[in-house]
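The structure appears right after this line, and notes come after that.
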Amino acid sequence: MALHKGGRAGAARKRGYAVNPFYGEADPVAGMAVEPPRLRLPDGPMAPHTAYQFVRDELMLDGNARLNLATFVTTWMEPQAAALMAECRDKNMIDKDEYPRTAELEQRCVTMLADLWHAPDPASAIGCSTTGSSEACMLAGLALKRRWALAHADRYPHGGARPNLVMGANVQVCWEKFCNFWEVEARQVPMEGERFHLDPQAAAALCDVDTIGVVTVLGSTFDGSYEPVADVCAALDALQERTGLDVPVHVDGASGAMIAPFLDEDLVWDFRLPRVTSINTSGHKYGLVYPGVGWALWRSHEALPEELVFRVNYLGGDMPTFALNFSRPGAQVAAQYYTFLRLGREGFRAVQQNARDVACTLSEGIGAMGDFRLLTRGDELPVFAFTTAGGVDSYDVFDVSRRLRERGWLVPAYSFPPNREDLSVLRVVCRNGFSLDLAEHFLEDLRSLLPELRRQHGPLGRPESVATAFHH
Ligand SMILES: Cc1ncc(COP(=O)(O)O)c(C=O)c1O
């Protein structure tokens, strides 16, 4: 949620009607000229269709989701899924006694994911739905922190120790939030040279007795690359042999945990690695559901301390829950189950392969233009990052992002974290619904901008107030 600071009060009154005269029923007394207040509750009600029209008109100015190459989040579902979600919109996920079937669908989704991610015993897997990966990461981080605290209760009988979590500098902001909110030191392995994600040896070197875990990302939000989860586990195995430290691994599979099982079956990154204790994914990214659902799973009951699980009986029943919030819509969970049934493994494979094919074709086309250097190619996550090629000095990635926006495309430009702050990139996320046809249009638009960009006398500078539609 953006932290809003209040609106622009007293916006200048213009000549003419502030309101479309057709919406004349806004106020039966003052008639069609009256605009409802924007920053305080109106004194009285208005007709539903008028209110609807006002809100709809404002929302019309939002971007076109199909041209948004910045977001990972699902922007298209089938009408049947939309109908199902509309039918479930009044169901509250927490109310498991009132809506036992929704709770059952949640449990089935957890079991299916546990099977997909090779949990030792999927039938007794433990996990939950969340609002997205951020909440799932908070829960996984909390479980790591509590396990560490329980294991070290003798060393720190009065508290006082500062736990730490090891990760790459490329982690998504949710991990910085976790560390900030729950007072854990974030130990970040910086990028070096052409290495843009976590290095296994460097990760192991940062671990000590107060390390609650290592976070590995599949794949990186910055460039779509997979982190080497198995190598990180191997480095931690070696650390344990040398020092006795037993450091668990969490895999942030916000996107990749719904790509790798279908397209990279031989890649061992999940519960097949004994050191991997928990995994999260965003149902609303490559899980192909509209925004509002994520998943957190633990390899076994031991990985999730029982004392974090709450049982409340005020809604009837006594269902255990692990969540940051209480009430939450059930529709997304129903939609996730629908998507699982609808696609099955083969369907998911086809959809994800298509996204990867589009990403690879697009990156190849961009690479062939000569003005750009590809950092990744979209052959892991269907996501790739590119920057301007050596010798291109009349414009930079921020200019490209700005110019593409004029054609309706949202392609974020941003600088990398330490130690590659000198490197700024553009990133393209290919999602279901971004077809090869649209990709061709994108290539054509980018190509047609280049002559003008090349004629610039230098980059126009990184916009300070104008966001390029992106922030990690
Ligand atoms: C690797 C990674 N982790 C966590 C998140 C946060 O996910 P969500 O938007 O589902 O909260 C993202 C979002 O892009 C991500 O890429």
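Only a predicted model underlies this, so the values are computations on that prediction, with no experimental measurement involved. In listed order, ligands and their atoms are each counted from 1.
Sorted by first and then second residue, the pairs that involve residues 268-295 and meet salt bridge (Lys or Arg N to Asp or Glu O under 4.0 Å), not counting sequence neighbours, are Asp237-Arg275, Asp246-Arg275, Asp270-Arg272.
For Glu406 and Arg402, the salt-bridge test fails: no basic side-chain N is under 4.0 Å from an acidic carboxylate O. Using a 4.0 Å cut-off between charged nitrogen and carboxylate oxygen, Glu192 and Arg420 do not count as a salt-bridge pair.
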Report each N/O pair between ligand 1 and the protein that falls under 3.5 Å, naming both atoms.
from, atom 1, to, atom 2, distance (Å)
ligand 1, 3 (N), Asp252, OD1, 3.2
ligand 1, 3 (N), Asp252, OD2, 2.6
ligand 1, 7 (O), Lys285, NZ, 2.7
ligand 1, 9 (O), Lys285, NZ, 3.3
ligand 1, 10 (O), Ser133, N, 2.8
ligand 1, 10 (O), Ser282, OG, 2.9
ligand 1, 10 (O), His284, NE2, 2.7
ligand 1, 10 (O), Lys285, NZ, 3.2
ligand 1, 11 (O), Ser133, N, 3.4
ligand 1, 11 (O), Ser134, N, 2.8
ligand 1, 11 (O), Ser134, OG, 2.6
ligand 1, 14 (O), Lys285, NZ, 3.3
ligand 1, 16 (O), Thr221, OG1, 3.0

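Judged by distance alone, the side chains of Ser129 and Glu106 do bring a donor and an acceptor atom under 3.5 Å apart.
Under the ring pair (Phe, Tyr, Trp, His ring centres under 6.0 Å) criterion, Tyr226 pairs with no residue at all, not counting sequence neighbours. In this structure, the side chain to side chain donor-acceptor pair (under 3.5 Å) partners of Glu185, at least two apart in sequence or on a different chain, are Arg187.
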